[in-house]
Amino acid sequence: MPELPEVETVRRGLSALIIGKTIKAEQHDTPKGFPNATADVAGFMIGATITDVRRRAKVLMVDLSTEYTIVIHLKMTGQLVFRGEQVFGAGHPNESLIGELPDRSTRVTIEFTDGSHLYFNDQRKFGWMRLMPTLEVPNIDFMKKVGPEPLEADFTATEFAQRFKRRGKTNIKAALLDQTVVAGVGNIYADESLWGAKIHPKRLVNTISEDEFALLYTELRAVMNLAIEKGGSTDKNYVNAEGKRGSYMDFARVFRREGQACPRCGAEIIKFKAAGRGTHICPVCQVQ
DNA sequence: CACTTGACCTGTCCGC
DNA sequence: TGCGGACAGGTCAAGT
């Protein structure tokens, strides 16, 4: 799913919708969706009020008044959809892509005391939710290893380039997708930013110049900021907290545009596999 | 250790 | 239409 811009869009939506609400009940399908939903839920989740919704990399953190936090990773197809009283139908400007909830991909349902609900849907079941003390969240392995937030004001081009040195012998696409180098980059924004910087995804990291890293840094930040502005990318499953799609795909330059013309030079965009993932480039702008 | 590949799941699309 | 295979926004564990 969701890369940094999509998770950030969900975070913003949830912040407006659920902060201040009190949890009345929780239901989950199997341990898979919410593996540690045990006695902690009764003790620290039911009756708790939502105090904040935070994001680190592609991970969401819903903080509770009990000083526990619900940590959520949406992986490829996870969705967090809030439902109040009203559900808007087809054609309405507030139309949701999601129908009646819960549906067959609903893994977890949280009911609030005012009768509204938050649904965690996940078709492929790769995503997860965990409940843990807020103070322990930074200690989970992922949080200890994950790289800096690329959109933070104090994250510099110099630091960006520096962090790739450790991955010198791999290709730039694999390094961009490595969450321990820089946080939050996934397949869409890796391809989009490499196109922007005119770098071939299979170039080895140690062949990329300082100038190219500086350009990649600028392009990555620009692409992610634009994607947040557009509410993220909906290719298939992704929706925001209101069940609506994001529109970045309308602005994508290469991602899922194989066979179309490069918006910069007009050459035909091609697709191949790099770092084990479907990869899109302009073969004229991005030479190996 | 660094890097690559497969596994985790379900659904959809494409070619025969 | 039916069926098999490839593929899908992410991360781990296991392999080399």
Side-chain angles (χ1 to χ4, degrees), chain A residues 1-11 29-35 55-60 71-80 97-99 103-107 120-130 140-147 163-194 201-207 220 223-224 227-228 230-240 245-252 254-259 271-280:
Chain A
M1 123 156 195
E3 308 181 29
L4 186 155
E6 289 74 34
V7 180
E8 177 61 19
T9 301
V10 172
R11 186 199 69 74
D29 59 348
T30 64
K32 177 86 179 161
F34 200 163
R55 178 191 62 76
R56 176 76 172 97
K58 302 172 192 171
V59 176
L60 279 168
V71 184
I72 305 161
H73 201 308
L74 301 172
K75 291 288 181 81
M76 301 281 260
T77 55
Q79 304 167 327
L80 278 170
L97 279 190
I98 312 297
D103 64 22
R104 66 176 167 168
S105 68
T106 300
R107 309 296 163 211
F120 173 41
N121 274 18
D122 188 15
Q123 183 182 90
R124 290 174 74 181
K125 302 185 185 179
F126 293 165
W128 46 262
M129 286 179 48
R130 304 239 156 82
I140 57 184
D141 280 351
F142 179 87
M143 291 298 181
K144 286 196 284 195
K145 292 187 302 184
V146 70
R163 294 201 58 92
F164 284 90
K165 297 249 159 85
R166 211 165 38 80
R167 302 295 314 267
K169 282 199 67 185
T170 194
N171 64 61
I172 185 64
K173 173 137 182 186
L176 267 177
L177 294 174
D178 181 348
Q179 300 297 295
T180 71
V181 176
V182 176
V185 186
N187 207 32
I188 299 174
Y189 304 110
D191 282 6
E192 290 289 291
S193 59
L194 287 168
K202 287 190 169 174
R203 291 265 308 281
L204 296 189
V205 170
N206 61 17
T207 70
L220 178 63
V223 149
M224 283 192 160
I228 291 171
K230 301 299 176 192
S233 297
T234 297
D235 185 43
K236 188 161 173 24
N237 290 280
Y238 166 73
V239 291
N240 69 13
R245 64 190 308 121
S247 67
Y248 178 83
M249 290 298 276
D250 296 340
F251 300 84
V254 286
F255 192 80
R256 298 275 161 82
R257 291 195 182 277
E258 60 270 31
K271 180 180 179 183
F272 56 91
K273 195 157 270 204
R277 314 294 301 276
T279 297
H280 313 76

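A, B, ... follow the sequence lines: proteins, then strands. Residue 1 opens every chain. Since the model is a prediction, treat every value here as computed from it, not as a measurement.
- Although no hydrogens or angles enter the test, the distance criterion places no donor-acceptor pair under 3.5 Å between the side chain of N121(A) and the main chain of D103(A).
- Proximity of R124(A) to the phosphate of dG9(C): no side-chain N or O atom is located under 4.0 Å from OP1 or OP2.
- Using a 4.0 Å heavy-atom distance criterion, Y189(A) is classed as making no nucleic acid contact.
- Rounded to whole angstrom, the span from the NZ atom of K58(A) across to the C1' atom of dC12(C) amounts to 13 Å.
- Comparing the C1' positions of dC3(B) and dG9(C) gives a spacing of 23 Å, expressed to the nearest Å.
- A gap of 15 Å separates the P atoms of dC9(B) and dA13(C), to the nearest Å.
- The backbone N or O of N237(A) lies less than 3.5 Å from no partner atom in the side chain of T77(A), so there is not a single donor-acceptor pair.
- Atom CD in Q79(A) sits about 16 Å away from atom P in dT10(B), given to the nearest Å.
- Rounded to an integer number of Å, the gap from CD of Q123(A) to P of dT12(B) is 6 Å.
- Taking atom NZ of residue K202(A) and atom P of nucleotide dC3(B), one finds them 17 Å apart after rounding to whole Å.
- Looking at the side chain of F126(A), the nearest of the listed nucleotides dG9(C), dT11(C), dC8(B) is dC8(B).
- The separation between R277(A) atom CZ and dC12(C) atom P is 13 Å, rounded to whole Å.
- Phosphate contact (OP1/OP2 of dT11(C), side-chain N/O of H73(A), threshold under 4.0 Å): present.
- A perpendicular orientation is assigned to the rings of F142(A) and H73(A), their planes being inclined by more than 60° (bins at 30° and 60°).
- Shown here are the side-chain contact (heavy atoms from CB on, under 4.5 Å) partners of T9(A), two or more places apart in sequence or in another chain: Y238(A), N240(A).
- A distance of 14.0 Å separates OH in Y189(A) from CG in L176(A), rounded to the nearest 0.5 Å.
- Across all strands, G232(A) comes closer than 4.0 Å to no nucleic acid atom at all (heavy-atom distances).
- At the phosphate of dA8(C), OP1 or OP2 sits under 4.0 Å from a side-chain N or O atom of K271(A).
- W128(A) has its CH2 atom 11 Å from the C1' atom of dG10(C), to the nearest Å.
- Between K236(A) and R166(A), the residue anchored nearer the 5' end of DNA chain B, judged by the nucleotide with its closest heavy atom, is R166(A).
- In DNA chain C, stems built from 3 or more consecutive Watson-Crick or G-U wobble pairs, each with both distances under 3.5 Å, span B:2-8 with C:10-16, B:10-16 with C:2-8.
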Contacts under 3.5 Å, N or O only, protein and nucleotides 14-16 of chain C:
none

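- Here S233(A) lies in heavy-atom contact (under 4.0 Å) with a base.
- Every residue two or more places apart in sequence or in another chain that forms a ring-ring contact (aromatic ring centres under 6.0 Å, His included) with F272(A) is listed here: H200(A).
- Taking CG of L194(A) as the start and OG1 of T279(A) as the end, the distance is 9.0 Å to the nearest 0.5 Å.
- Contacts of R107(A) with the nucleic acid, taken as non-hydrogen atoms under 4.0 Å apart, are absent.
- A straight line from CG of L176(A) to P of dC3(B) spans 14 Å, rounded to a whole angstrom.
- Not counting sequence neighbours, R257(A) has no partner by the salt bridge (charged side-chain N to carboxylate O under 4.0 Å, His left out) test.
- Remark: N206(A) pairs with K169(A), L204(A) by the side-chain contact (heavy atoms from CB on, under 4.5 Å) rule, at least two apart or across chains.
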Can you give me the N/O atom pairs linking the protein to nucleotides 3-6 of chain C at distances under 3.5 Å, or say none if there are none?
none

task: Determine, stepwise, if the pair T106(A) / D29(A) fulfils side-chain contact (heavy atoms from CB on, under 4.5 Å).
output: CA-CA 8 Å; T106(A) 300; D29(A) 59 348; over 6 Å; no

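- One interatomic measurement links the two molecules: NZ of K75(A) to P of dA7(B), which rounds to 16 Å at whole-angstrom precision.
- In terms of the side-chain hydrogen bond (donor to acceptor under 3.5 Å, both in side chains) criterion, R277(A) has no residue partners (sequence neighbours excluded).
- Nucleic acid contact for N237(A): base, since at least one base atom lies under 4.0 Å from a heavy atom of the residue.
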Would you tabulate the pairs of protein nitrogen or oxygen atoms and nucleotide nitrogen or oxygen atoms of nucleotides 4-6 of chain B closer than 3.5 angstrom?
residue, atom, partner, partner atom, Å
dT4(B), OP2, T170(A), OG1, 2.6

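- For R167(A), the side-chain contact (heavy atoms from CB on, under 4.5 Å) partners are T170(A), A175(A), D178(A), V181(A), not counting sequence neighbours.
- Every residue two or more places apart in sequence or in another chain was checked for a ring-ring contact (aromatic ring centres under 6.0 Å, His included) with F120(A), and none qualifies.
- Taking CD of E6(A) as the reference point, atom CG of L74(A) lies at 10.0 Å (rounded to 0.5 Å).
- Remark: K236(A) pairs with no residue by the side-chain contact (heavy atoms from CB on, under 4.5 Å) rule, at least two apart or across chains.
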